[in-house]
Amino acid sequence: MSNSSLPSAQYLKDYQAPVFGVDTIELTVFLDDHKTKVISKVRYLKQLEGEQVLRLNGEQQTLLEVKLAGVTLNAEQYQLTDEELVITTHLSEFELEITTEIDPANNSSLEGLYKSGGAFCTQCEAQGFRKITYYLDRPDVLAKYTTHIIGNKSIYPHMLSNGNKIEEVALDDGLTKVTWQDPYPKPSYLFALVAGDFDVLEDNFTTASGRKVDLALFVDKGNLSRAPFAMESLKKSMAWDESRFGLEYDLDIYMIVAVDFFNMGAMENKGLNVFNSKCVLADSKSATDADYLMIESIVGHEYFHNWTGNRITCRDWFQLSLKEGLTVFRDQEFSMDLGSRAHNRIEQVKVMRSHQFAEDAGPMSHPIRPESVIEMNNFYTVTVYDKGAEVIRMLHSILGEQGFQAGMKLYVERHDGHAVTCDDFVAAMQDANTEHDLTLFKLWYSQSGTPNVNANMHYDKANKKLTIKLSQVTAPTADQVDKKALHIPVNTAFFDQSGQPMNLGGQYQHVLNLTANEQTFEFESVEEQPLVSFLRDFSAPVQFSFDYSDEELTKLIIAETSDYTRWELAQQLYIKHIKLAVSNNDYVFPTAILTCIEQVIGKDSADPQITAELLKVPGFSTLLAEYKHADVDAILAAQDKFTRFLANGLANKLTKVIAENAPSEYIFNATAMAKRAFRNAALNLLSYSDDKQVADLISNQYYHSDNMTDSLAALKAGSTKDDSLFKTLMADFENKWTGDPLVMDKWLALCASHEHQDVLANILELESHRDFTLDNPNRVRALYGNFAMNNPAQFHRKDGAGYRFLTDKLIQLNEINPQVAARLITPLIQVGNLDGARKLVVKKELTRLNNTPNLSKDLFEKVTKCLETTLAG
Ligand code: TRP
Ligand code: ZN
């Protein structure tokens, strides 16, 4: 064997349509823990001129037999490598029958066919089908699937695949054969197979056109009581897609299976979604309000993929945002229509600011439609998903709901049943909205990086003229040097000095469309110098700066009519003063901040869910993003000092909020949730104060709580307030919940994010805790993920122990589950703005990781990019 060659990149520009297409595929799967036999019979059709060579993808399986048009081939008649089976044939229409053997019980990558707990299950997106059989494993090859599953019915009472169950027969040997057929042609990544012993929650839904659809939710035995909420969410999703998008479900059955071992949140396999159990199971004792909201949105997300992803799919994986950006936009709108629009917007923007901006500033920067990829699994990113959704959201705001829906209608009419590109999507939007010109807008698909938009304002009192100058700059990113001006819609509102909306040309809200590097916007007959609020509702995914005085900011916070924007302005106020404290140890925070926030809290009309958000200080990653060269210790110190300033300054108000929002019996609805959010935000902030009562409030809340939201909030506050109190409460919680993995993940997360010198030692000890295991991604993320992402003080320790620890874990996980390892590495590669000493330690650790034998493509791509860009030189 030669020295193993380094993994290489694939490029969007090299796309070529497949020479062979597939008509039908018939799979027969003989279930067995270590020797699952798979027979695939595929009808290939030559559809383009070109070589007579069929190159099938296939990995990590044993090839037993190849039959071409009924004749078994010998080893000279095909070529077999680690990644391909290549067959040369003069035939242009033929059946190929391939028999392979795989080992699901030893498949810890959770990709392809694997065992999760006692059940068989598959994960094929993006390129996992090639671990099941040799095939054209690419999204532009669509085929009709028939799947036979053969297994022992007493061990696997439920044997499931996509589409409709058409046959079940008992075989002579005591085994059972179940056959499924999916009438809709689909790419291989949407294939799914599940076999196991489950409890089933059944229901049904009647579509707008009157068809009855059976719904089934499969959960581990004993978990039925945690299933109803997801089922309700599914029915709401189906109704919502009909009413808002005019899209109906298309099969007679819709199944969701919850599994404990899963790399991501959930997967939209046609008619047979597979979910991480964390994203399905909930009851009031064990799930938080945030969990309920997350479940609702993910159930919606996977359901909405049935049209945006499955019926209309991606031509190639560079187009991933075609389905993901659009489907995230759809699930966001679903949550916003069902719940609080402003609260949802705040959560969406937090993700952009704390994760997506950092990704764009780091070594993995890529446009929402990437141009080159080494490992596709590395591109299921906040950029493709969340920035992708922001791009769709801008389109929606440019075209309006009607224009957008007209574009969607045309998109579905044109492309149903096909594999298409992002350009096809924009073309449909354009052709349905000819009064708009989206030419410049399309740059959002190919340009990476976060634009910096700056505003300057001049008020000419004598001529009553207001001039606003906007300018944009996108700094070079790791992947792309030259940047052009984008189309950036800047939603703007004007208020007078008394805080009343101020009409200019008949309205106080205006969209300033910035389409060049610099642009001037003029307003006449402006009676007084206005207060101006920019980028309202985060109208574009950019960093916006305008040099507000404290007085302007505090006035605007009170004046704003947009709840989201009020929060945004308060964040700006906080960030401004934290930064002043970073650069000046003796900085004294102005009391005007307290007066302003007190006033908002006191407002009768204020939404408590939003006010709760005002009580939260910007997180470390948001603050870090403010700097090119960050002083980590100074940032953490300033953040802490500011939090204590707010806490002490508002202590009386906070105590009052806690008292006035005392808990009542748990119920999950918007009002009750907002009330809990308000009280718990107040409790959390108060835990940073010198108030003598807090410890009692915390332990009182913990011991009297009837729900997970309040219990966890008490624990979190306890972890800030007092180590011994925290220990006592955590021991009680552990005792109560040990053996319940989803709840113990919350406990592990709290342990890992506890800001304490000994946290690393504690984590090492927890590795042998009965509720921890390294091969379950949920456990790994709870313990290591929370340490690396939610414990900045300990992760960024000066002595490098945090970086070294994470690297050790990545080296272990590289062997077990490369996808999980590659997600966990994020905080170790987004280090461009750390100080030189810390960067040096990171570089040493990443070099060590890079030298690991058998380094996966997933980690290789990220580590080398970081060493070559951020840490070069
Ligand atoms: N398509 C899935 C979603 O967004 C994402 C997903 C689930 C996935 N599992 C995966 C992506 C495994 C890559 C690998 O809903
Ligand atoms: Zn998705």
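Atoms within a ligand are numbered from 1 in the order they appear, just like the ligands themselves. FYI, side chains are in, hydrogens and waters are out, and symmetry mates aren't considered; it's all heavy atoms of this structure.
- Ligand-side atoms of ligand 1 in range of Lys323: 1 (N), range being under 4.0 angstrom from any heavy atom.
- Close contacts of ligand 1 with His301, meaning ligand atoms under 4.0 Å from a residue heavy atom, involve 3 (C), 4 (O), 15 (O).
- By the 30° and 60° cut-offs, the orientation of the rings of Tyr254 relative to Tyr249 is perpendicular.
- The structure places CD of Gln830 at 10.5 Å from CD1 of Ile825, a figure rounded to the nearest 0.5 Å.
- Annotation: cation-pi geometry not satisfied between Arg244 and Phe334 (NZ/CZ under 6.0 angstrom from ring centroid, within 45° of ring axis).
- Other residues, nucleotides and ligands contribute at most 12 non-hydrogen atoms within 6.0 Å of the NZ atom of Lys409.
- Near Glu302, the atoms of ligand 1 lying under 4.0 angstrom from a non-hydrogen atom of the residue are 3 (C), 15 (O).
- If you run ring pair (Phe, Tyr, Trp, His ring centres under 6.0 Å) between Phe120 and each of Tyr114, Phe198, Tyr156, only Tyr156 comes through.
- Close approach to Tyr385 involves these atoms of ligand 1, each under 4.0 Å from a residue heavy atom: 1 (N), 2 (C), 3 (C), 4 (O), 5 (C).
- The aromatic rings of Tyr385 and Tyr380 are tilted relative to each other, their planes meeting at an angle between 30° and 60°.
- The name of the N, O or S atom in His301 nearest to the Zn ion (ligand 2) is NE2.
- Given atom 1 (N) of ligand 1, the protein heavy atom at minimum distance is Glu125 OE1, 2.5 Å.
- Listed by atom number, the atoms of ligand 1 under 4.0 Å from Gln123 heavy atoms are 9 (N), 10 (C), 12 (C).
- When distances from the Zn ion (ligand 2) to the N, O or S atoms of Glu324 are compared, OE1 comes out shortest.
- For residue Glu302, no N/O/S atom approaches the Zn ion (ligand 2) to within less than 2.8 Å.
- Taking the six-membered ring where tryptophan is involved, the planes of His305 and His301 are perpendicular, since the angle between them exceeds 60° and thus also 30°.
- Contact annotation: for Gln127 versus ligand 1, there are no heavy atoms closer than 4.0 Å.
- The ligand atoms of ligand 1 that sit less than 4.0 angstrom from a heavy atom of Gln819 are 12 (C), 14 (C).
- Using a 4.0 Å cut-off to heavy atoms of Glu268, the atoms of ligand 1 that qualify are 1 (N), 2 (C), 3 (C), 15 (O).
- Close contacts of ligand 1 with Asn377, meaning ligand atoms under 4.0 Å from a residue heavy atom, involve 13 (C), 14 (C).
- Ranked by closest heavy atom to atom 6 (C) of ligand 1, the top entry among Ala126, Gly265, Ala266, Gly128 is Ala266.
- The residue from Met264, Met267, Glu324 that puts a heavy atom closest to atom 10 (C) of ligand 1 is Met264.
- Both tests do not hold together for Lys144 against Tyr184: distance to the six-membered ring centre under 6.0 Å, angle to the ring axis within 45°.
- The side-chain tip of Lys13 points at the ring of Tyr11 from less than 6.0 angstrom away and within 45° of straight on.
- Without hydrogens or angle criteria, Gln319 side chain to Val420 main chain gives no donor-acceptor distance under 3.5 Å.
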